[in-house]
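This chain uses plain numbering: 1 for the first residue, then up along the sequence.
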Amino acid sequence: MLCGLFAEVLSLPRVGVDDNFFDLGGHSLLATRVISRARAAFGVRLSVRSLLENPTVAALAAELTAGSDHDPFDVLLPLRPGGSKPGVFCLHPGAGIGWGYSGLLRHVPADHPIYALQARGLARDEELPSSIQEMADDYLARIREVQPSGPYHLVGWSLGGILAHMIATRLQDAGEQVGVLAVLDTDPDIPSEGHADLAYDEQDVLATLLDLSGRAGDRDPAEPLEYERVMEVLRAGDSALAGLEKRHIGALARVGTNMSRSIIHPYDPALLGVVRGDVMLTVAGRDHASPQAMAAAWRPFVEGRVDIQVVDCGHNELTRPGPIGEIGRALAAQLRELR
């Protein structure tokens with residue numbers, strides 16, 4: 001049955017028990033569809049993380065039998081925990097979720113583990129960070145738990161680009177080597193005005209989910225948004241965010257409010273320091289008339305080169321299959337050069 005589900009979602013004539021979902025062209029959007037259909041077919045509780053950690057039919061079948069208590073919103077999300085080479089660590093954007101980085105799995109060499117770092121407070125009710133420095137220190141500790149020494153490869157989208165840079169300088173100050181530092185459509189001087197008193201509620205989160213999935217036009221501004229209806233719209237658009245449970249909406253509101261007030265509002269570019277080495281800067285071409293201007297903004301914080309990659313998409317589209325494929329191929333080329 002699982003072979004049939006994989007083949008159906010991937011639009012393939014057949015899938016074998018040892019075929020890897022992501023090697024066959026799967027990505028985070030299709031992963032959500034597989035998990036949804038597996039839940040319905042087998043009546044079990046599964047998450048996107050189940051497929052990320054068990055990407056073959058055989059492995060996922062074993063997971064179905066054993067059951068899983070993994071939470072796909074844990075701070076450290078292993079997208080591909082196995083591999084003999086140094087890991088690639090991906091820092092979340094402002095929304096706090098790292099699922100979108102699963103699109104790198106097909107393009108980054110299989111001997112590199114891939115992990116996503118996600119915001120605290122999504123998986124469980126816990127104390128939230130009071131500053132971006134505290135957040136960076138927390139993520140650095142989690143990274144070093146799974147990889148005690150370098151070289152470290154770091155990727156960050158939006159706010160994650162700031163966090164990746166901060167973690168890189170901390171690692172270098174500790175005498176560690178940073179290999180690839182990839183910053184995805186991040187301005188080092190992120191606008192912080194207006195965030196001090198910003199508070200998110202569940203309506204704001206649901207509206208943001210529609211916006212991130214490109215379905216904001218489906219909303220009637222005169223009507224309050226309902227969780228079930230929003231998830232239905234996201235599922236129809238094959239959005240990875242359709243896997244969110246209702247309990248996560250309140251958590252996202254709480255995390256988003258803290259992100260605005262405690263992380264973004266007090267942020268100052270002077271916190272960045274200078275990273276020794278080069279930076280791979282990806283620019284969303286549809287949102288930036290001058291990629292060179294963004295590169296120039298980064299140069300005071302980079303000792304080496306700022307290499308620009310322009311991708312034909314908007315900022316919120318960077319982790320969709322096409323753009324993340326371009327990013328993944330460029331990242332893979334950088335990793336091969338370091339070998």
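- Residue-environment remark: CD (E228) exceeds the threshold of 12 foreign heavy atoms within 6.0 Å.
- Between D278 and V306, the closest side-chain pair of non-hydrogen atoms is not below 4.5 Å.
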Quiz item: side-chain contact (heavy atoms from CB on, under 4.5 Å) between D74 and R124: does it pass, once the steps are laid out?
Solution: CA-CA 8 Å; D74 282 338; R124 59 194 58 85; 2.9 Å; yes
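- Note: T319 OG1 to L184 CG = 9.5 Å, rounded to the nearest 0.5 Å.
- P269 and F301 get closest at one heavy-atom pair: O-CE2, 3.5 Å.
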Exercise. Determine, stepwise, if the pair L122 / H248 fulfils side-chain contact (heavy atoms from CB on, under 4.5 Å).
Key: CA-CA 7 Å; L122 295 178; H248 295 127; 5.8 Å; no
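- Separation of atoms NE2 (H112) and CG (L335) is listed at 4.5 Å; rounding is to 0.5 Å.
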Practice problem: Tell me, with the steps shown, if D23 and R106 meet salt bridge (Lys or Arg N to Asp or Glu O under 4.0 Å). | Solution: CA-CA 5 Å; D23 290 344; R106 189 181 180 192; over 6 Å; no
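- Residues L252 and T208 have side chains not in contact (no heavy-atom distance under 4.5 Å, counting atoms from C-beta outward).
- Side-chain rings of H27 and F22 stay apart, their centers remaining 6.0 Å or farther from each other.
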Practice problem: For Q172 and V275, run side-chain contact (heavy atoms from CB on, under 4.5 Å): C-alpha distance rounded to whole Å, both residues' side-chain angles, the deciding distance at 0.1 Å, then the answer. | Solution: CA-CA 8 Å; Q172 290 179 336; V275 70; 3.5 Å; yes
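- Across all their heavy atoms, P113 and P81 have their closest contact at CB-O, 3.7 Å.
- For the pair V180 and L154, the minimum side-chain heavy-atom distance is 4.5 Å or more.
- Between V34 and F21, some side-chain heavy-atom pair lies under the 4.5 Å cut-off.
- In this structure, the separation between CG on D185 and SG on C313 is 7.5 Å, given to the nearest 0.5 Å.
- Applying the ring pair (Phe, Tyr, Trp, His ring centres under 6.0 Å) rule to pairs touching residues 317-339 yields nothing, sequence neighbours excluded.
- The shortest non-hydrogen separation linking L181 to A168 is CD2-CB, 4.1 Å.
- Between the side chains of S50 and N54, no donor-acceptor pair is found at a separation under 3.5 Å.
- Applying the salt bridge (charged side-chain N to carboxylate O under 4.0 Å, His left out) test to pairs two or more places apart or on separate chains, those with a residue in residues 5-22 are E8-R37.
- F89 meets the ring-ring contact (aromatic ring centres under 6.0 Å, His included) test with Y115; sequence neighbours excluded.
- At a threshold of 4.5 Å between non-hydrogen side-chain atoms, the residues L171 and I167 count as touching.
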Exercise. Check the pair Y101 / L77 against side-chain contact (heavy atoms from CB on, under 4.5 Å), numbers first and verdict last.
Key: CA-CA 10 Å; Y101 289 113; L77 174 64; over 6 Å; no
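- At a threshold of 4.5 Å between non-hydrogen side-chain atoms, the residues R80 and L52 do not count as touching.
- Inspection of the Y139 and H92 side chains reveals an N or O donor paired with an N or O acceptor under 3.5 Å.
- The shortest distance between side-chain heavy atoms of Y227 and I249 falls below 4.5 Å.
- For residues 253-281, no pair satisfies ring pair (Phe, Tyr, Trp, His ring centres under 6.0 Å), with sequence neighbours left out.
- In the hydrophobic cluster analysis, where Ile, Leu, Val, Met, Phe, Trp and Tyr join through side-chain heavy atoms closer than 4.5 angstrom, L281 is grouped apart from V274.
- Residue pairs meeting the side chain to side chain donor-acceptor pair (under 3.5 Å) criterion with at least one partner in residues 328-337, sequence neighbours excluded, are absent.
- The salt bridge (charged side-chain N to carboxylate O under 4.0 Å, His left out) contacts involving residues 138-164 comprise R120-D138, R142-E145, R144-E176, where partners must be two or more places apart or lie in separate chains.
- The CD1 atom of I132 lies 8.0 Å from the CD1 atom of I264; values are rounded to the nearest 0.5 Å.
- The salt bridge (charged side-chain N to carboxylate O under 4.0 Å, His left out) pairs that include a residue from residues 253-276 are D125-R254, where partners are two or more places apart or lie in different chains.
- H107 is linked by a side chain to side chain donor-acceptor pair (under 3.5 Å) to nothing, counting only residues two or more places apart in sequence or in another chain.
- Residues satisfying the ring-ring contact (aromatic ring centres under 6.0 Å, His included) test with H315, not counting sequence neighbours, are W157.
- Of the candidates L30, V15, V17, V15 is the only one forming a side-chain contact (heavy atoms from CB on, under 4.5 Å) with F6.
- Rounded to the nearest 0.5 Å, atoms NE2 (H195) and CD1 (I263) are 12.0 Å apart.
- Summarising the hydrophobic clusters (Ile, Leu, Val, Met, Phe, Trp, Tyr; side-chain heavy atoms under 4.5 Å, direct or chained), the residues clustered with Y200 are L198.
- Closest approach of G328 to V108, counting heavy atoms only: O-CG2, 4.4 Å.
- Contact of the L210 side chain with the V230 side chain is registered, since non-hydrogen atoms from C-beta on lie closer than 4.5 Å.
- Residues V302 and G277 approach most closely at CG1-O, 3.3 Å, considering heavy atoms.
- Between P86 and P151 the shortest heavy-atom distance is CB-O, 3.1 Å.
- Within the structure, salt bridge (charged side-chain N to carboxylate O under 4.0 Å, His left out) pairs that include any residue of residues 281-299 comprise R286-D312, R286-E317 (at least two apart or interchain).
- Rounding to the nearest 0.5 angstrom, the gap separating the CG atom in L140 from the CZ atom in R170 is 7.5 Å.
- Listed for the D201 side chain is a donor-acceptor partner under 3.5 Å among the backbone atoms of D204.
- Among residues two or more places apart in sequence or in another chain, the side chain to side chain donor-acceptor pair (under 3.5 Å) test is passed with S130 by E134.
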